Amino acid sequence: MSEVPASLIEHNPKILSGPVLTNSPNAFLSKTLLSRYQDLPIPNGNYIATYVWIDGTGEHLRCKDRTLTYLPTEPKHFPVWNFDGSSTGQADRKNADTNLVPRAIYRDPFRRGNHMLVLCDTYKYNMEPTDTNHRVKCQEAYDRCKDEEPWFGLEQEYILLDSDLRPFGWPPGGCPPPQGPYYCGVGANKVFARDLVQAHYLCCLYAGVPITGTNAEAMPSQWEFQVGPSVGVTAADDVWIARFILHRLAEEYGVIVSFDPKPVKDWNGSGAHMNFSTKSMRAEDGIVEIEKAIDKLSKVHMKHIKVYDPRGGKDNERRLTGLHETASINDFSAGVANRSCSIRIPRTVASQRRGYLEDRRPASNCDPYAVVDALLRTCVLNE
Ligand code: ADP
Ligand code: MN
Ligand code: MN
Ligand code: MN
């Protein structure tokens, strides 16, 4: 096994207990098994639903499948289901049954046909939301500011790891030449796994995720996709299912997706810039509303930092250093076209005097429900 970057070991001690994948002889076997059976005719009236949920880390996803004998068209027509919450960090072993409530449905790009992906949120035995269910609060905030039609567009950065847990395509035991040529790069020495990225793009469109684009990022094997703008809670649903599709596709490709915000020291980290607007910001002279929102955000910087990664700011401490296109975690700043600020006003927004702001602080592993919730409560609900 080749050398793993030090910061990766430091922050992922558990997954690095040994070379888990490459030693398996199965890794070298033919992977055509599924394709031989994929076309089997399924008896009419049987539909497979993959229930997807966020586990007790608030960061990782789980899924399981079930057959339905009718074709639901809305989340509320799907059965509430349950799972063993003691195996996902969401319940005690002695009282483990945890509930899955369907919230959003997407077409399944893996099975196709009428099969579906069903994004759920999770509830304890007594139907209280679990600790990592931030969707409930987000929905409640959104319901109180629907009139403002809040839009959210998220830029999701990530990196791909090879099965030895080093960044995919990096030379054995070392680093590629310094960053510069890789962002939006073209050529086999600049970008790795474009086919996976393209497949993800198509799968998202097929599934019904409003993916708006994709680009290679500053570190080789680092990529980004953008989702939205979507209205309110839906924006966060879309991001979570897009993450699921990416993890699931990467299984087939034999690589691992990492949303760690700073996998390799001295290289750009991964963020999840949240672009946000309200009806008043999008209206004529909306720049005034944008500036008001920035002023409100400036007063509660640390409150936002605490919910912009799953470890209360600890993950972002590694990323928001003030270097590598970030602002320091300790300071709030805003500026036009400035990518070293907490909040950026895009140049086009400044010149048209209307549009949206970009909050550059959320880490790539943030929970978009928590980010949407915080922005709505600070900027619209004045909490
Ligand atoms: P960047 O220049 O920061 O890399 P991108 O092009 O990657 O910008 O992403 C821009 C994001 O802004 C997209 O996710 C898009 O959906 C979102 N967006 C565009 N207009 C609005 C708006 N009015 N409100 C909220 N989000 C918006
Ligand atoms: Mn971008
Ligand atoms: Mn980016
Ligand atoms: Mn951005």
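Values reported hereafter were calculated over all heavy atoms of this structure, with side chains retained and with hydrogens, waters and symmetry mates removed. Numbers here are sequence positions counted from 1. Note that the coordinates shown come from a computational prediction; the quantities given were computed from them, not determined experimentally. First listed ligand is number 1; within each ligand, the first listed atom is number 1.
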Worksheet item: Does the N or O separation between Arg344 and ligand 1 drop below 3.5 Å for any pair?
Response: yes
Worksheet item: Which heavy-atom pair separates His77 from Tyr70 by the least distance, and what is that distance?
Response: O-OH, 2.7 Å
Worksheet, complete the sentence: Of Arg339, His273, Met281, Glu155, the one whose closest heavy atom lies nearest atom 2 (O) of ligand 1 is Arg339
Worksheet entry | Total protein N, O or S atoms, the Mn ion (ligand 3), separation less than 2.8 Å | 3
Worksheet item: Is there a side-chain contact between Asn133 and Thr130 (heavy atoms, below 4.5 Å)?
Response: yes
Practice prompt. Give me the ring orientation class for Phe192 and Phe168: parallel if the planes are under 30° apart, tilted from 30 to 60°, perpendicular past 60°.
Written response: perpendicular
Practice prompt. Could you find the nearest protein heavy atom to atom 13 (C) of ligand 1 and give me its residue, atom name and distance?
Written response: Gln226 CB, 4.1 Å
Discussion item. Give me the nearest non-hydrogen protein atom to atom 15 (C) of ligand 1 as residue plus atom name, then the distance to 0.1 Å.
Written reply: Pro229 CD, 4.0 Å
Worksheet item: Just going by heavy-atom distances, which of Leu357, Asn275, Thr278, Leu154 is nearest to atom 11 (C) of ligand 1?
Response: Asn275
Worksheet item: Any N/O of Asn215 closer than 3.5 Å to an N/O of ligand 1?
Response: no
Worksheet item: Glu224 heavy atoms, cut-off 4.0 Å: which ligand 1 atoms fall inside?
Response: 7 (O)
Fill in: Closest approach of any protein heavy atom to atom 24 (N) of ligand 1, naming residue and atom
Ser277 OG, 2.7 Å
Practice prompt. Record the part of Trp151 in heavy-atom contact with ligand 1 below 4.0 Å; permitted values are side chain, backbone, both and neither.
Written response: both
Worksheet item: How would you list, by chain and number, every residue that makes a salt bridge (charged side-chain N to carboxylate O under 4.0 Å, His left out) with Arg377, sequence neighbours excluded?
Response: Glu140, Asp373, Glu383
Discussion item. Of all the N, O or S atoms in Glu358, which has the shortest distance to the Mn ion (ligand 4)?
Written reply: OE2
Discussion item. Apply side chain to side chain donor-acceptor pair (under 3.5 Å) to residues Tyr123 and Asp121 and explain how you reach the verdict.
Written reply: CA-CA 7 Å; Tyr123 295 81; Asp121 64 355; 2.9 Å; yes
Item to complete: For the residue pair Tyr182 and Trp267, categorise the inter-ring angle as parallel (less than 30°), tilted (30 to 60°) or perpendicular (more than 60°).
Response: tilted
Item to complete: Please write down residue, atom name and distance for the protein heavy atom closest to atom 3 (O) of ligand 1.
Response: Glu358 OE2, 2.8 Å
Discussion item. If I compare all heavy atoms of Pro261 with all of Arg318, which pair ends up nearest, and what's the gap?
Written reply: CD-NH2, 4.2 Å
Worksheet entry | ligand 1 contact by Val227, heavy-atom criterion under 4.0 angstrom | yes
Practice prompt. Is it possible for you to check whether Arg107 lies under 6.0 Å from the centre of the six-membered ring of Tyr206, through NZ or CZ, and within 45° of that ring's axis?
Written response: yes
Discussion item. Quick test: of every protein heavy atom, which one is nearest to atom 21 (C) of ligand 1, and how far off is it to 0.1 Å?
Written reply: Tyr356 CD2, 3.5 Å
Discussion item. What I want to know is whether Gly355 and ligand 1 share at least one N or O pair that is separated by under 3.5 angstrom.
Written reply: no
Worksheet item: Taking atom types as modelled and ignoring hydrogens, do the side chains of Ser364 and Arg319 form a donor-acceptor contact shorter than 3.5 angstrom?
Response: no
Worksheet item: Do the rings of Phe225 and Tyr158 sit parallel, tilted or perpendicular, given the 30° and 60° boundaries?
Response: tilted
Fill in: Closest heavy-atom pair and its distance - Met302, Ile329
CE-O, 3.4 Å
Worksheet item: Just wondering, do Val118 and Tyr106 contact through their side chains at under 4.5 Å, heavy atoms?
Response: no
Worksheet item: Hey, is atom 6 (O) of ligand 1 touched by any protein heavy atom at less than 4.0 Å?
Response: no
Worksheet item: Do Arg282 and Ser277 meet the criterion of a side-chain donor-acceptor pair at a distance under 3.5 Å?
Response: yes
